[in-house]
2 protein chains.
Amino acid sequence: MEEKKFRSHCSISSSLDLFGDKWSLLIVRDLLYHKQRTFKDFSQSTEKISSARLSDRLTKLEHVGILTKKNHPTNKKVFLYELTQKGRDLTPIIAEFILWGYRYLKDHISESSKAIAEELIQNKTVVIEKFQKGVILK
Amino acid sequence: MEEKKFRSHCSISSSLDLFGDKWSLLIVRDLLYHKQRTFKDFSQSTEKISSARLSDRLTKLEHVGILTKKNHPTNKKVFLYELTQKGRDLTPIIAEFILWGYRYLKDHISESSKAIAEELIQNKTVVIEKFQKGVILK
DNA sequence: ACAAATAACTTTCGAAATGAAAGCAATAAA
DNA sequence: TTTATTGCTTTCATTTCGAAAGTTATTTGT
């Protein structure tokens, strides 16, 4: 009983099979902006993911190796999620989403979204490196 | 009765609201590789999208302004889909998907996928420009 | 010490989205 | 003028989803 993971051998299609949905990249986004997040933190982000969906996505992303779950140093009931290198390497994808949104959804997105896009336009490489290193931008 | 399109004012989330699913970017991919595609062409790509889903996605992507539908010059029952500038500007996102897949799904993806990734690694800017201009790479 | 609050889920359930298959109308090919 | 083809639409069983309530192990407040 092995599950069929991938629809094809195309890298785009296969990547989409892993995190191509409406929530996964938002979880990654939160971890790029904050480095560590708890279940509750994710629950409180503006898009209001349901706990069932969040639980499901965190499990999947952990299995796929994009993030890890670890114990909180002092509080036993809290867990800390953070990106792996594999997860941090999604930064360029996220960055291009930001830039596309900046270009085509300008009258809808927030000022802070715009600010990040403008930083990216100024110096994409540096900003992406900052994200990957866990430097909080927002 | 306006429909709520967006979950938030985040550019990532909003972009995902438009094309964040398992099929939309594959349609865009096909149009980057081929410039013009018919309904049948899309139906025949390796991931085997169902006609109901394909119809639905083409309509949505057209409404969102990512692609256009036009008549075939000689055959009245065929329609030609092609990307708009807005759609072609998804190229950097697609490119980053290719690169991430190359890095992390190397033992699963096809040789042609790898070849494109290697071209991107050699010279990302030039390859992306080629894609955007409709130069067929594969 | 003990009750109340909290974090991280899990469960339930109705609604929406999906895939597979069949059906259909217009046009083109034989 | 029959047959095939294209581009869908329809149907329907299955899967996925969101919203809300429930559960368990801690932890906090008194």
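Quick caveat: nothing in here was measured; it's all calculated off a predicted structure. Every chain is numbered from 1, with letters handed out A, B, ... down the list of sequences.
Among the protein residues, A/Tyr81 comes within range of the sugar-phosphate backbone only, with heavy atoms under 4.0 Å from sugar or phosphate atoms but none that close to a base.
Between the side chains of B/Thr59 and B/Asp56, no donor N or O sits under 3.5 Å from an acceptor N or O. With no hydrogens or angles considered, a side-chain donor-acceptor pair links B/Ser13 and B/Ser8 at under 3.5 Å. A/Gln85 and A/Asp89 are linked by a side-chain donor-acceptor pair at a separation below 3.5 angstrom, with hydrogens and angles left out of the test. Side-chain atoms of B/Tyr81 and B/Glu62 form no donor-acceptor pair, as typed in the model, at a separation below 3.5 Å. Side-chain contact, B/Ser14 with B/Asp17: no donor N or O sits under 3.5 Å from an acceptor N or O.
Ring to ring, A/Trp23 and A/Phe42 are not that close: their centroids are 6.0 angstrom or more apart. Checked against a 6.0 Å centroid threshold, the rings of A/Phe19 and B/Phe97 count as neighbours.
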Check: protein-nucleotides 15-18 of chain C nitrogen or oxygen pairs below 3.5 Å:
unit_1, atom_1, unit_2, atom_2, d
C/dT18, OP1, B/Arg57, NH2, 2.9
C/dT18, OP2, B/Arg57, NH2, 3.4

Atom pairs under 3.5 Å, N or O on each side, protein against nucleotides 28-30 of chain C: can you list them with distances?
unit_1, atom_1, unit_2, atom_2, d
C/dA28, OP1, B/Lys76, N, 2.7

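In this structure, A/Ile49 and B/Phe39 both approach DNA chain D, and ranking their closest nucleotides by distance from the 5' end singles out B/Phe39. Each of A/Arg7 and A/Ser51 has a nearest nucleotide on DNA chain C; the 5'-most of these lies closest to A/Ser51.
Here B/Glu47 pairs with B/Arg29 in a salt bridge; the nearest charged N to carboxylate O distance falls below 4.0 Å.
The B/Ser55 side chain lies nearest to D/dT9 when the options are D/dT9, D/dG7, C/dC9. Minimum atom distance to the side chain of A/Thr38 is reached by C/dA8, of the listed C/dA8, C/dT11, D/dG7.
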